[in-house]
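Per chain, numbering begins at 1; letters A, B, ... match sequence-line order.
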Amino acid sequence: MANVSFNRLSALRALIIDDMPGMRQNMRLHLGQLGMTRVDQAASPDEAIQMVERNAYDLVLCDFNLNKETNGQHLLEYFRSRNLLAESTIFIMVTAETSYSSVAAAVELKPDAYMLKPLTATKLAERIERMLDKQNTFLPISQRMARKDIPGAIAACDALLVSEPRWVVEILRLKGRMLLEQGQTAQARVVYTQALALRDDLVWARLGLAKCELIDGRHDAAKTAVEQMLKKSPQYIAAYDLLAQIATAVGNDQAVYDALSRSAQIIPSAPRSRLVGDAAYRVGDLTQARDAFSQAIHLSKSSMTGQASDLLSLAQVHVDAGEPELALKIFTAVPPRYVGSAVFKSSQAAMQAQAYSKLGDVESAQQAYATAQEFAAEAKLGAPDVVDTTSRVTQSVLLVSDQASRARGDNATLALAKAAFSVGRTEEGAALIAKAVKSDHENRLLVGLAKRVLYDTGNHALAVTLIDGAVDECLALVAEANALMRGAQFEASLAKLEQALDGMPDNTGVMLAAAQIYLLWMSQKGVNRDYVARVTSYLTRLEKLMPGNERVSKMHLFLRRTLNQNNNDTKPVPGSP
Amino acid sequence: MNEKLAAIIVHDIKNTLGMLESELRQMTAACERAEALPVPVPEASLALALSGDESQWQEPQAPSLRQRAVHAHATCLNLQDRLVGFLTLYKASSQGLMPDIEPVPPEPFLHALLEQLQAASPGVTLSLDVNAMPAVAFFDENLIALALEAALRNALRFAHSRITVGCIQHPDYLSFTVADDGPGLGTVKGKNTSTGLGMELCSAIAVAHMRNDRTGAALLGNRPEGGALFELRLP
């Protein structure tokens, strides 16, 4: 029996990540015993990242204790946040002691399995086999999910719930998540209640019920449910994220900050500190923002998980706090890998312009601003696809971080605007602010930050005309297009939206409206190849800008149905020319 | 010696032991390959013949080199498990254990555990009682594996020929059982040779499995039909 299973394992391509050479050798021997011949080794997180970027692995064995800055959990979150691992890659955390269980019990993003040392070939084989069996069982669901056929995937869950009692808990969890993403809270509640009937202390099911309340707009009920859950499981990180999400929904920035900083205390990590820093900056708490960004830099120091945005954020905090010397000092030791990016160089020069200007060195400030403009042009700031989506923390439905990452991407434009104001180029600054807001007028965080720039630079008066003006302009365009569509003037409506998108290519609200009108047009008048290409490109961009959005996935499905319908209709009739 | 220092020392020994384990594993594999070769005189017999020790040379039941390597390897694995057990106990007393309770299908989990120990104990048959076993149960599989390994090793010391492992879901607790066909408790003279570490570890792990203010328990008793019965109850 053992030989049969080893054959399945021997085809796997594996990566071992451990800082101790003896341990790597040991794990390699175990995998060799299972017949695996394609086994790579990484001695550090950076080496592991390079290998994962280059190769596709079926199995990753990662030691939890890697080095002072990065542990296995950080690395796993880094891989998942950048989609570096395939859905089917089995990630096994290996730990020397039982202490990892306290980490595993608290985090939302878990490895597929974690195992205690000493490992043996038999133990490894059993665990990997079980993971492979699970993948096979879940295939009907995962294939439909990959095709974005969420209703189909949910139906597949129902079938498997009957035939696979062994995996019933995981199937319920996945089904609940998909229903939530579709906004079907009534069905999601049924699923979570079913799960709780199996086991009343499943934290994710309790959290799922709280998410239903949030989606249904019952913010107080959602908050109460989460607080109750936290009394029993105060370590469960995802609960704090949900609290932050609820606080975001009601516009309470202070509560967002409180929730995020509580979670960062439980499991400190660079991405968490980054979120805390952003939240502290938004509520104007510069001391906490400085600490959080310093912490993010410290935690990811000398590692590829470090981010250029941390240096820029910290520099901005120093400038705002009246410490221009400290801001300038940051840029005396920039890691070489950031220097190649024009976006970074533009933002760096923008910070320097602000700092010099605070120091009264007008000439250096002007010079730095000119440099910032130069690199901004090179980086095509404000153009699509320069948005820094990589800094998004991997929380499946964490709205806060989605908006924060977009706001951070537009930070380069805002930093440039701030620099423009600081050297007295008010008109240029105003134009940049308007551009940033138009890129995503529905992003409350971005709009808030843009307002902040105007207040900080003494341009209160501009706030109403610029920001509200930009938002109104977007809303008016969409409203106009909708009116035209209702009057059955599809072409005119589309022209209006296309025109709007020329001016604000990354505006998700306008893009959604445009995609919807194209789809409606085709559902009534038939498939137009040019329109299909346009809708596809909008949906791809939207997917990037707002991952997991329910409207976007529904449009995907609608597009596929329309195309299928069309294929059926236009099948060549036998005998026709 | 204080406990913290002991933990540091154990940790250090454990790493070296890991290296030793892998060397013994390679040695076992090398012996297996050597035995598979069509050599007329087995390696072990050859070594004994060359040593000139006739008393052993005449002994037909003498363990082969492979068997000795397998035994050494098993001893090393046992030692590693004990050290992990000690570290886990140390952690339970210093910081408390925090189990990561997840849904686990008990059958493949227990099957792998038995397969692992069966290889090292050819004299006793380890079997799984799948009767009334739930398709899925909730526990920390790493911690429960440690506890059951300790219980199984203990049972192996006393079992005559058979050990049966089961898992049953009762209305308010999950029960893992290890039943052996040995003499039972309180009958063996030398039973105090046990340090009690295994049972203490099982208790600590059971207690850590807490649910709505109820904790688990590790129990040891005699079976009516003879032999000892170990039970791990989890709420």
Using non-hydrogen atoms and a 4.5 Å limit, figure out which bit of [X] sits close to chain A: side chain, backbone, both or neither.
{"X": "P108(B)", "answer": "both"}
{"X": "L83(B)", "answer": "neither"}
{"X": "D140(B)", "answer": "side chain"}
{"X": "E23(B)", "answer": "neither"}

Side-chain touch [X]/[Y], heavy atoms, less than 4.5 angstrom:
{"X": "D201(A)", "Y": "F138(B)", "result": "no"}
{"X": "P103(B)", "Y": "W167(A)", "result": "no"}
{"X": "E126(A)", "Y": "L113(B)", "result": "no"}

Checklist entry - For F109(B), which residues count as a ring pair (Phe, Tyr, Trp, His ring centres under 6.0 Å) partner, sequence neighbours excluded? => result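 With sequence neighbours excluded, F109(B) shows a ring pair (Phe, Tyr, Trp, His ring centres under 6.0 Å) to F139(B), given in chain and number order.
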Next on the checklist: Report, in residue-number order, which members of residues 205-213 of chain B are under 4.5 Å from chain A by heavy-atom distance.
Outcome noted: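 Listed by number: R211(B), N212(B).
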Next on the checklist: Applying a heavy-atom distance below 4.5 Å, give me the residues of residues 168-180 of chain B that approach chain A, sorted by number.
Outcome noted: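 Answer by number: none.
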I'd like to know if [X] pairs up with [Y] as an ion pair, taking the criterion as any Lys NZ or Arg NE/NH1/NH2 lying under 4.0 Å from an Asp or Glu carboxylate oxygen.
{"X": "E21(B)", "Y": "K117(A)", "result": "no"}
{"X": "E102(B)", "Y": "R199(A)", "result": "no"}
{"X": "E149(B)", "Y": "K123(A)", "result": "yes"}

Item to check | side-chain hydrogen bond (donor to acceptor under 3.5 Å, both in side chains) partners for T75(B), two or more places apart | outcome: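 Per chain and number, T75(B) pairs via side-chain hydrogen bond (donor to acceptor under 3.5 Å, both in side chains) with no residue.
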Segment of [X] engaging chain B (4.5 angstrom heavy-atom cut-off):
{"X": "R166(A)", "answer": "both"}
{"X": "V203(A)", "answer": "neither"}
{"X": "E164(A)", "answer": "neither"}
{"X": "D133(A)", "answer": "neither"}

Item to check | Selection from M20(A), K110(A), Q25(A) maximising heavy-atom pairs under 4.5 Å formed with chain B | outcome: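 Max contact count across the listed options: K110(A).
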Checklist entry - Do you know which of H30(A), K232(A), M115(A) has the most heavy-atom pairs with chain B at a distance under 4.5 angstrom? => result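 Highest number of pairs under 4.5 Å: H30(A).
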Item to check | Audit row: E115(B), T122(A), side chain to side chain donor-acceptor pair (under 3.5 Å) steps and yes/no | outcome: CA-CA 8 Å; E115(B) 197 178 356; T122(A) 322; over 6 Å; no
Item to check | From CA spacing to verdict: side-chain contact (heavy atoms from CB on, under 4.5 Å), Q33(A), Q26(B) | outcome: CA-CA 10 Å; Q33(A) 281 206 319; Q26(B) 288 177 74; over 6 Å; no
Next on the checklist: How close do V136(B) and V168(A) get, counting heavy atoms only, and between which atoms?
Outcome noted: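 Scanning both residues, the minimum pair turns out to be CG1-CG1, 4.1 Å.
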